[in-house]
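Note that the coordinates shown come from a computational prediction; the quantities given were computed from them, not determined experimentally. Throughout, protein chains are lettered first and strands after them, A, B, ... in sequence-line order, and every chain is numbered starting at 1.
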Number of protein chains: 2
Amino acid sequence: MEADMLMESTTRSRPAMAPSQVTPPASLHSLFARQPVENFVSGQILFFEGDEAKSIFEVVEGTLRIVRILPDGRRVITGFLHAGDLLGISFKSHYIYTAEAINNVTIRRLSRRAFETELANSDEIRPAVFHQMSDEMAAAQDQMVLLSTKNAEERLCSFLLKELQREMRAGGLAPIVKLPMTRLDIADYLGLTIETVSRTMTKLANKGVLTPSGRHAVEILRRGMLAQLAGDGDECEIEWRMTNTSREEFRRH
Amino acid sequence: MEADMLMESTTRSRPAMAPSQVTPPASLHSLFARQPVENFVSGQILFFEGDEAKSIFEVVEGTLRIVRILPDGRRVITGFLHAGDLLGISFKSHYIYTAEAINNVTIRRLSRRAFETELANSDEIRPAVFHQMSDEMAAAQDQMVLLSTKNAEERLCSFLLKELQREMRAGGLAPIVKLPMTRLDIADYLGLTIETVSRTMTKLANKGVLTPSGRHAVEILRRGMLAQLAGDGDECEIEWRMTNTSREEFRRH
DNA sequence: CGCCGTATTGAAGTCTTTCAACGGACGTGG
DNA sequence: CCACGTCCGTTGAAAGACTTCAATACGGCG
């Protein structure tokens, strides 16, 4: 808060982060509507990686983290889930990741049997599921791009921007991003350390991009600059497509 | 439930690096069997990111790269495709990546319309497609883990090991990994630079793990060591799963 | 045989991590 | 209500890993 940093930022432009998970289509949501809600307290685990995949879930309220632990103890978070997101839609016999509640979470659960029955019978559900999976795949690719090429500042900005967009979509009024997860969670999600996340956050605050609002929220002051720093700008895309094309034309013979 | 879990770990360890794409189930393969083959020369592009997604493909022969270009020119390769792999299975209206032939490639193509018709009608195809998508998702998650946490040596070893496993599955006899892609491709896939890939390769050769076999292949001399270095070892998994469990038990109340 | 693109190697630089200490918030208990 | 302890987050300094820049070597193809 008081420390001022003299480091200048190297700002470059980068490409697009697609929205990670969209609200499940009405048709999918309806599957869960009649299921009873279940509650999980902060830190509680819905299922472990390796558990038999018996259920799929709809998050009603709260935030979850999707975790994978490596043999040597390193932890990776491959995603966060919020109200409206779906969890566990896969056709593998066992879960390939652990799902933990970050805060108090309410979910509805559907047995996989019931789900697959619906899937077989309903011509409405099926495309919705395909689309859901396609969206998840696109999000995964975006995350790969982030982890492959982006530096700490770009990663954090991308993350904050995505969260902001989600909150706005969900009807948020003020440009405030809630961060129920710890810095460690964010670090493990962005492939950084807790210290780097902290330092980068401070740097962004000093630049006037955001201001901390308590410990688990930030207010975005300059959304445009945030987007710039996220490197998701798309103004160059056409040129790149063109050069790419011509190079190909050239090669093609 | 915990006992269950431990059992699971002891008997069969999770594939830390899941095989990216398995050979398509016979049912999916059969969709393409009657399509004519098409050829693409090295460097030629099947489709661009952003193109309307009109077709899905089965790779008959050769190797492709899945590419995303960022606005500032940085390039990310999110995957390689080999004979037997499927390409373009998604339910988005436009492709979200570019597909380029690395060497001379033969494919069979199916119009998306035909594909979706089959999907709607065949009770055999549908689950195969779901499984295919789930496999791709698992591969994407593994790649995220790689990019999040692994260092250069672990990344390269993971990559080589996966390629080796694929070649062995495909009936390869000698422990030789063919690398039709350039070092730049590998670098862009692993989130490294060409120089780091080169140096790491040299280091592995010096350790006696592998030996170069021409410029576009390596012979694996010590597969066990390669697996060790890949960081996908699973000998500690049980312990970690246990600590994970007990921590949860502790938290759970 | 010689050229050009690709790969390797070296040295310097940069960014992130690691190690270490401090500070602040929250919850518990006095 | 305040004190205190603990956990989480912040900050600093040093070390490390990878990148960048630059030069050289290799190998396929004309």
Flag side-chain contact, heavy atom, 4.5 Å: B/Leu204 against B/Leu160: yes
Given atom CG of A/Leu156 and atom P of D/dT10, what is their separation to the nearest angstrom? 11 Å
Within the 4.5 Å heavy-atom criterion, are A/Leu184 and A/Arg75 side-chain neighbours or not? yes
C/dG24 P sits how many Å from A/His216 NE2, rounded? 17 Å
Take the protein atom CG of B/Asp188 and the nucleotide atom P of C/dT6, then report the distance between them rounded to whole Å. 13 Å
Please check the phosphate of D/dG28 (OP1 and OP2 only) for any side-chain N or O of B/Arg215 closer than 4.0 Å. no
Under 6.0 Å between ring centres, would you say that holds for B/Phe47 and B/Phe57? yes
Atom CD of A/Glu61: over 12 foreign heavy atoms under 6.0 Å: no
OP1 or OP2 of D/dT10 less than 4.0 angstrom from a side-chain nitrogen or oxygen of A/Arg199, does that happen here? no
Mapping B/Glu195 and B/Lys203 to their closest nucleotides on DNA chain D, which lands nearer the 5' end? B/Lys203
Just the rounded figure in Å: distance from P of C/dT16 to CZ of A/Arg74. 19 Å
Are there over 12 heavy-atom neighbours, none belonging to B/Glu38, within less than 6.0 Å of that residue's CD? yes
Measure from CG on B/Asn151 to C1' on D/dA15 and round the result to the nearest Å. 16 Å
Establish, with yes or no, whether the OP1 or OP2 oxygen of C/dA7 is under 4.0 angstrom from a side-chain nitrogen or oxygen of B/Ser198. no
Starting from C1' on D/dT10, measure out to CG on A/Asn206 and report it in whole angstrom. 12 Å
Give the rounded distance in Å between these two atoms: CZ of A/Arg183 and C1' of C/dG23. 14 Å
By nearest heavy atom, map B/Ile194 and A/Gly191 onto DNA chain C; which one lands nearer the 5' end? B/Ile194
Applying a 4.0 Å non-hydrogen cut-off, can you work out what A/Thr196 is touching in the nucleic acid: base, sugar-phosphate, or nothing? base
Is any side-chain nitrogen or oxygen of A/Thr202 closer than 4.0 Å to OP1 or OP2 of D/dT11? yes
Would you kindly give the CG-to-P distance between A/Leu190 and C/dT17, to the nearest whole Å? 10 Å
